[in-house]
J.: 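Quick one: the structure is below, and I'll ask about it shortly.
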Amino acid sequence: MSEKGIARRVKLPKRRRRPYHEEVRCDLHVHTHCSDGALPPAKVLQLARSGLVELLSITDHDTVAAYDAIAGQLPGGLRLLPGVEISTSMLGEGELHILGYFPRGINSVLREALDEILVERTERMREGVGRLARDAGLPLAFEDVLTRCSGPVISRSHLAQAMVDKGIVGSYADAFRQYIGSQHPFITAPRTTPERAIDLIRRARGISIWAHPRLDRLDRRLAGLVAAGLNGIEVYGRNRNGEALARLEAAADEHRLLKGGGSDWHGHAGSDRLGAFTVAGEQISQLLSLCRPPA
Ligand code: AMP
Ligand code: MN
Ligand code: MN
Ligand code: MN
């Protein structure tokens, strides 16, 4: 009898299915036009699906409006982990972003706190545009920025676009270089602190992850953030490799932190397609094991 025949008759043990989270292709850091991304949430879901992303988190700056917009419209083959990216600043040390993931869903604790943060964000822009007009003499009004927003978040990204469109600067990058980068005084840093964001995410029953941590800050800031309750750091991201990646992995292990990852895709012209960068579930399996298994 041929070997093939024997193999057919012998009952082979069933290939054990690996846990879902070890194989899934993930992108846990993506923006829509509800904050400063280019595209509406439904389109982002469609692109994620066609880019073969299997687990996606939309993490707009300071808002979960995208989740309200797409309720019940998830394409087959795609799962969502509710998320947000909260902008914070440290006294004199610049900005720091904290991602929150909410496997148990988005609750009113989170919504109410984000509403307050958005009020502060809008005030910061109103005052900042006032300073740019008054102190720098730029022909700009708050409404020029507001009309470029598609959701509840008004950001320096919209402002930069307004400055390009009005011919005030030659390019989007120039807007940051010349006027609105954090080295300039016109647009103030967010008022939320990293500790407040971590605490909010915990109270909202979420998981807090330091987004795109800067290596020069890791040694100085990580222990303090862990003491404040930080759950993890975003280890995997576009253009993070070699020594930088090794340092982030080591820092996560040393502090027993969860590892997160995502592309920080905004979808503007010239960006990679969604799905060009993904994280293997295996790389972030501890984080995924805390998330509700898929139905
Ligand atoms: P905001 O949340 O209002 O502080 O705006 C920050 C957003 O502007 C970031 O999330 C980026 O999308 C974009 N941004 C910040 N700094 C730069 C920069 N130097 N060059 C280009 N885009 C930037
Ligand atoms: Mn952004
Ligand atoms: Mn960020
Ligand atoms: Mn981001």
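Indexing begins at 1, ligand by ligand and atom by atom, following the structure's order. The chain is numbered in sequence order, starting from 1.
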J.: Give a yes/no verdict on a cation-pi contact between Arg131 and Phe186, requiring under 6.0 Å between NZ or CZ and the six-membered ring centre and an angle within 45° of the axis.
T.: no
J.: Where does the angle between the aromatic ring planes of His266 and His61 fall among parallel (under 30°), tilted (30 to 60°) and perpendicular (over 60°)?
T.: tilted
J.: Among Val153, Thr63, Val84, find the one that has a side-chain contact (heavy atoms from CB on, under 4.5 Å) with Leu114.
T.: Val84
J.: Looking at Asp68 and Arg111, is any side-chain nitrogen of the basic one under 4.0 Å from a carboxylate oxygen of the acidic one?
T.: yes
J.: Closer than 2.8 Å to the Mn ion (ligand 4), which protein N, O or S atoms?
T.: His29 NE2, His31 NE2, Glu85 OE1, Asp264 OD1
J.: Could you pull out the atom name of the N/O/S atom in Asp36 that is nearest the Mn ion (ligand 2)?
T.: OD2
J.: In this structure, which one of Leu78, Val30, Val279 forms a side-chain contact (heavy atoms from CB on, under 4.5 Å) with Val53?
T.: Leu78
J.: May I ask you to decide whether Asp36 forms a salt bridge with Arg156, counting only side-chain N to carboxylate O separations under 4.0 Å?
T.: no
